[in-house]
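Each chain gets a letter, A, B and so on, in the order its sequence line appears, and its residues count up from 1. Quick caveat: nothing in here was measured; it's all calculated off a predicted structure.
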2 protein chains.
Amino acid sequence: MGDGLPDALASRLGYLLKHAQRRLVEAAAPVMAPFGIDGRELAVLTLLAAGSPLSQQEAADELDVDRTTMVALVDTLEAKGLVERHRSPQDRRKNIIELTPAGQNCLRDAGKARDEVDRDYLAPLGDALSRHFIRALQILATPPPE
Amino acid sequence: MGDGLPDALASRLGYLLKHAQRRLVEAAAPVMAPFGIDGRELAVLTLLAAGSPLSQQEAADELDVDRTTMVALVDTLEAKGLVERHRSPQDRRKNIIELTPAGQNCLRDAGKARDEVDRDYLAPLGDALSRHFIRALQILATPPPE
DNA sequence: TATTGTTATACTCTATAACTATA
DNA sequence: TATAGTTATAGAGTATAACAATA
């Protein structure tokens with residue numbers, strides 16, 4: 001036993017979300033490992049590559065993590081040579097984080113691998129349900145206005 | 001800033017799942033607090049009430065947590081008077097866990113509150129998308145056959 | 001005074017290894 | 001030998017408080 005979902009919990013949102021997330025993390029970990037980064041680190045690289053340069057605080061806000069968490073995250077990315085810190089000339093309290101060329105390569109390769117993980121993960125849903133699922137998550141992941 | 005989803009991450013499954021789950025946990029916590037239990041504890045109560053009596057190991061398998069985690073979980077539920085451990089007469093290595101009357105009351109009341117949290121959480125999706133979402137989660141939360 | 005980055009610290013959740021009692 | 005429960009321990013991940021530099 002242990003396979004399948006216990007009937008009593010099959011419609012409890014907390015149980016379903018927790019286990020769906022765990023399954024994705026477990027599927028992603030071995031695929032990401034060869035690139036030397038994990039999902040959170042890839043998210044930082046993705047964010048930095050996307051738009052204008054960000055300070056640590058700004059990146060932390062976007063990812064909805066604590067700024068102390070971002071310090072540790074940038075520490076490890078910098079130790080791997082994937083990002084660099086630069087004091088902002090406009091506001092010398094801020095560290096602007098920038099991708100290195102190695103960081104750009106890593107983002108490209110690991111990003112491609114991660115896209116495949118996502119595709120494989122969603123495959124059992126079929127196309128239509130996958131799109132519904134993503135749309136629902138985008139709504140639910142958005143913090144309430146207040 | 002900080003509201004809305006960063007465009008670069010709005011379609012990354014890991015980011016969406018993590019934040020969707022966090023939003024549910026944050027919504028549930030204050031509602032569950034008055035009942036003195038959290039979501040995982042409620043899941044145990046739900047499981048125990050659902051079918052035949054379970055040993056700690058069996059409950060751990062169903063919830064997909066480690067048996068050492070289940071020890072701690074049952075410890076706190078027992079300290080709150082919501083469950084009782086009984087040595088199984090058939091196999092004296094096993095602890096059968098059973099709901100106390102207080103546990104049954106707690107399950108009923110906290111379960112009702114939790115159902116409302118789930119409903120409120122899903123409300124922004126509308127009925128059809130909610131059903132799609134649940135169905136997708138049920139597929140994705142199920143461990144792969146092998 | 002307030003903000004950014006940092007450090008030290010602590011708390012939660014979880015997993016691993018070793019022990020015990022039973023089978 | 002193997003299994004169920006337990007304990008001790010350690011590792012993530014995250015958050016809080018306090019400090020230095022800067023605004």
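A heavy atom lying under 4.0 Å from DNA chain C marks the following residues of residues 84-98 of chain B, by number: B:Asp91, B:Arg92, B:Arg93. Within residues 71-82 of chain A, the residues that have a heavy atom under 4.0 Å from DNA chain C are, in order of number, A:Val71. Taking a 4.0 Å limit (strictly below) on heavy-atom distances, residues 47-60 of chain A reaches DNA chain C at A:Ser55, A:Gln56, A:Gln57.
One can place CG of A:Asp38 at 11 Å from C1' of D:dG13, the figure rounded to the nearest angstrom. For the pair B:Arg40 CZ and C:dT14 C1', the interatomic distance rounds to 9 Å; values are reported in whole Å. Distance CZ (B:Arg22) to P (D:dG13): 13 Å, rounded to an integer number of Å. Atom-to-atom, CD of B:Gln21 to C1' of D:dT14 comes out at 14 Å; the value is rounded to the nearest Å. As a whole-Å value, the separation of A:Glu41 CD from D:dT14 C1' is 15 Å. For the pair B:Glu26 CD and D:dA15 C1', the computed distance is 12 Å after rounding to whole Å.
Here the side chain of B:Arg87 pairs a donor or acceptor atom with the backbone of B:Arg92 at under 3.5 angstrom. At distances below 3.5 Å, not a single donor-acceptor pair connects side-chain atoms of A:Arg114 with backbone N or O atoms of A:Ala28. A:Thr100 contributes a side-chain N or O that, together with a main-chain N or O of A:Gly81, makes up a donor-acceptor pair within less than 3.5 Å. Without hydrogens or angle criteria, B:Gln56 side chain to B:Met70 main chain gives no donor-acceptor distance under 3.5 Å. A donor-acceptor pair under 3.5 Å is absent between the side-chain atoms of B:Gln21 and the main chain of B:Lys18, judged by distance alone.
Among the nucleotides C:dA15, D:dT14, D:dT16, the one closest to any side-chain atom of A:Asp66 is D:dT16.
In this structure, the side chains of B:Glu78 and B:Arg85 come closer than 4.5 Å at one or more pairs of heavy atoms. Taking 4.5 Å as the limit, some side-chain heavy atom of B:Phe133 sits within range of a side-chain heavy atom of A:Leu140.
Put simply, B:Ile134 and A:Tyr121 are part of the same group of oily side chains (I, L, V, M, F, W, Y) that touch within less than 4.5 Å, one to the next. Note on A:Ile96 and A:Leu77: separate hydrophobic clusters, where clusters join Ile, Leu, Val, Met, Phe, Trp and Tyr whose side-chain heavy atoms are under 4.5 Å apart, directly or indirectly. Under the 4.5 Å side-chain heavy-atom criterion for Ile, Leu, Val, Met, Phe, Trp and Tyr, B:Val25 and A:Leu137 are members of distinct hydrophobic clusters.
Under 3.5 Å, the side chain of B:Thr68 and the base of C:dT14 form no donor-acceptor pair of N or O atoms.
Minimum heavy-atom separation, B:Cys106 to B:Leu45: SG-CD1, 4.2 Å.
For D:dA15, neither phosphate oxygen OP1 nor OP2 lies less than 4.0 angstrom from any side-chain nitrogen or oxygen of A:Arg67.
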